[in-house]
Amino acid sequence: MRLILASLTLWFLAAAVRLRELEHVIISSDSLGPYLRALSLSSGALPRPPNPESGDGLWLLAWPLTQIAENLTHLMQLRLAIGGIVAPAAFMAAWGFLPTTTRGTQRWIASMTAGVLVAMDPGLVDTLISGARSYGAPELIGLATATGAWALRGHTKAALATVVLLMLAVDHHPLAAGLGLGLVAWWMRLRGTLGRRTLTMAAVLGATLAIPRMLRTGAQAMCGEGPIACLAGVAQSNVAEEVSRTDVIGLALHDRFAVDLGWMWPILLLGLLISLRRDDTRLAGIWALAGLCGVMLLGGLISYIRPYHLRIVAVPIAVAAALGLVRLWPIGLGLACSSAFWGWTERPVGPDPGALHRADQIAEAIVDLPGDLWVDQVWWDGPPRVDAPAVVLSAVLAGTKPDRFQLSQDATMILLTSAGPPAPWPPILEGPGWRVHPAPNAAAARRWVQERAARPHSQGGALDWASALHPNTARSEDARWWVAPQSE
C-alpha cells in the first residue's frame, strides 16, 4: 500500500508540473497527427501512421484519448496528465532494481529521488508541450524500465510487458530502438532468471509486433540511394543544412544535460558511474548507459539526433543515478530537492500561448453555421495564430459529426486568417493577429485572395483533417481551393 501511495503522489506531482504549462501546448501538424489519424477508425478505415518515422502504435495509443476528450483543451489535459506516469515508473524501477537487503531508508530515498528527478525534468515537460518531440517514447521507455527491473527478478509477465512497451516506444520514435542494446547487455542475466522458454516467447512476441514496422522501414530503405542514405533522408526531411556527426552528437549531449538539467548533470553522471561499479546496481547502470549509447549510435548513423531524442532515456539515467547514490543518500536527497527547485523555476514557454483555447473557441462558434463546412487557413503575415486541423479536431471531439466537414466547392468556407487584410465577410471571431471569416464557398475565397496585391506566405491545411475524417475519398487536389477547378 505504501508503494501505491508513493507512486500516486509522484504521479500527482508530475502531472501538476505538466498541467501548469497547458496554455503553452504547441499546435502543429506533427502534434495533432496521431489524434487525427485515430479518428479514421470512425469511418471504418485502418489509420496510417501520421508521419514516415512513426508506427501504428502512435495512433493506437492516441485513440482512447479521442474517445474521452470533449474538446482540444481536454484532450491535451489528458495527455499532459498521462505524461506524468514517468515519475511512478522511475520510482517502481528503482525499487525493483535494488535488492531486498537494502536498508529501508536508503531504498525509499533512492526510489523517491528517481521519481522526483523525472517528475521535475524541464526537458520532459518541453517534450510534452511540443507534442511531437519523441511523442510518448520517454514514458514508454520509463514503463519498460520498471517492468524490466521486475523481469530481472524472474517475473514472466513483466518480461513480456517490457517487449510490448519497447515495440510501442519504437513506434513513437525509431531511435527508441537503441534501448535494444540494453536488452543485449541484460541477456545473460535474463536467461538465468527467466529461462530459455520465456525468452523465446518474448522474442517471438517482439518479432511479431515488429513486422509492420520492419516492412515499412524496409520499403523506406529501398529508395535507390542505399539503405542508410534512404533512412537518413526520411529522418532529415525537415533539416535545412547538413551538420557533421560529431557536431550533431556533441550539441545534443550539451543541450540535453547542460541546458535541460543545468548544474545537476555532474551529480547525475557521478551516480551513473557509481551504479556501474556496484554489483547490486550494475544492471540499472548498464541499461541506462547502453540505452544512451544505442540512441546516439542510431542517431549518429543517420546524422540526425537532437537533445529531445536523448530524453527517451531520461528515466533509465535518472534511475541509475539515484541508485548509484543509494549509500550516499544525503547527496541523493539533496539532488531530489535541487531537481524540484530547478524544475519548478525552469519553465518551458511555447511560441503561441493560448492556442488551445483559441481553437476550441473557433470550433464552438462555427458549428452553429448551417450546412457543410470547409475549414481552411491563409497565413498572410506575422506568426501563424490559427490552425484548421486543430479547429476541426476540437469540433469533432465536442460531438460534431465528421460528415459536416467536407472538401466541397459548395460548402461554406471557414477561412482562418493570420494577419493580413480583412476579408469582405464580417468575421465570426477575431483576436490579435487572427480572424475567422465565413466565405460563401471556395470560389469566393479564391477570388478574394487572388485580388490581393501581396501573396500570402502559405494557404491550405484542410488536407490533414480531410484525410483523417474521409480517408477513402480525400484527395490532395481537392484541398487546393486556391486553384480553380477545371469545370470553371
Side-chain angles (χ1 to χ4, degrees), residues 1-25 61-62 64-65 68-98 104-105 107-131 134-147 149-150 161 165 260-261 264 268 311 314-319 321-323 329 332-350 356:
M1 179 58 71
R2 289 185 300 170
L3 292 180
I4 295 176
L5 289 176
S7 297
L8 291 177
T9 300
L10 286 168
W11 197 343
F12 178 82
L13 171 65
V17 169
R18 286 149 178 77
L19 285 169
R20 68 176 181 155
E21 312 300 344
L22 180 65
E23 70 168 351
H24 295 291
V25 168
L61 293 185
L65 301 186
I68 301 172
E70 298 176 353
N71 56 31
L72 195 58
T73 298
H74 189 202
L75 178 71
M76 294 306 166
Q77 286 175 331
L78 292 171
R79 178 65 188 95
L80 293 179
I82 290 173
I85 202 170
V86 292
F91 171 82
M92 292 304 299
W95 190 274
F97 276 120
L98 285 172
T105 302
R107 196 176 189 185
W108 272 101
I109 290 177
S111 301
M112 291 297 291
T113 296
V116 172
L117 281 173
V118 293
M120 307 302 294
D121 188 334
L124 292 179
V125 179
D126 175 73
T127 288
L128 275 177
I129 68 171
S130 76
S134 303
Y135 291 105
E139 295 101 297
L140 292 165
I141 292 299
L143 291 171
T145 303
T147 56
W150 294 94
L165 289 166
D260 278 359
L261 303 176
M264 293 183 295
L268 286 170
R311 296 169 188 166
V315 171
I317 290 176
V319 169
L323 297 188
W329 63 266
L333 188 59
L335 179 62
C337 295
S338 300
S339 173
F341 175 79
W342 178 263
W344 194 257
T345 56
E346 294 296 317
R347 301 178 60 176
V349 178
L356 293 176

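All residue numbers in this chain count up from 1 along the given sequence.
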Original post:
After noting the C-alpha distance and the side-chain angles of L140 and Y135, does the key distance pass the side-chain contact (heavy atoms from CB on, under 4.5 Å) rule?
Top reply: CA-CA 10 Å; L140 292 165; Y135 291 105; over 6 Å; no

**OP:** Taking the side chain as every heavy atom from C-beta outward, state whether L335 and L268 have any atom pair closer than 4.5 Å.
**Re:** yes

Subject >> Considering all heavy atoms, the nearest V319-A90 contact >> reply: CG2-O, 3.6 Å

**OP:** Report yes if some heavy atom in the side chain of E139 is under 4.5 Å from a heavy atom in the side chain of I82; otherwise report no.
**Re:** no

Original post:
What closest approach, in Å, do A110 and A94 show between heavy atoms, and which atom pair accounts for it?
Top reply: O-CB, 4.4 Å

Original post:
Hey, does P348 have a side-chain heavy atom less than 4.5 Å from the side chain of H24?
Top reply: no

**OP:** Could you tell me whether the side chain of T73 reaches within less than 4.5 Å of the side chain of L22, counting heavy atoms only?
**Re:** yes

Subject >> Side chains of L128 and L124 in contact at under 4.5 Å (non-hydrogen atoms) >> reply: no

Original post:
Tell me, which pairs form a salt bridge (charged side-chain N to carboxylate O under 4.0 Å, His left out) where one or both residues lie in residues 1-17, sequence neighbours left out?
Top reply: none

Subject >> Where A93 and A146 come nearest, the two heavy atoms and their spacing >> reply: CB-CA, 3.6 Å

Original post:
Any side-chain heavy atom of M112 within less than 4.5 Å of one from L333?
Top reply: no

Original post:
Heavy-atom distance under 4.5 Å between the side chains of T113 and W329, does that happen here?
Top reply: no

Subject >> Residues forming a salt bridge (charged side-chain N to carboxylate O under 4.0 Å, His left out) with R20, sequence neighbours excluded >> reply: none

**OP:** With sequence neighbours left out, write down each residue that passes side-chain hydrogen bond (donor to acceptor under 3.5 Å, both in side chains) with T127, or none if nothing qualifies.
**Re:** R311

**OP:** List the steps, then state whether side-chain contact (heavy atoms from CB on, under 4.5 Å) holds for M120 with W342.
**Re:** CA-CA 7 Å; M120 307 302 294; W342 178 263; over 6 Å; no

Original post:
Under 30°, 30 to 60°, or over 60°: which ring-plane class applies to W108 and F91, parallel, tilted or perpendicular?
Top reply: tilted

Subject >> Shortest non-hydrogen contact from P88 toward S7 >> reply: CB-O, 3.6 Å

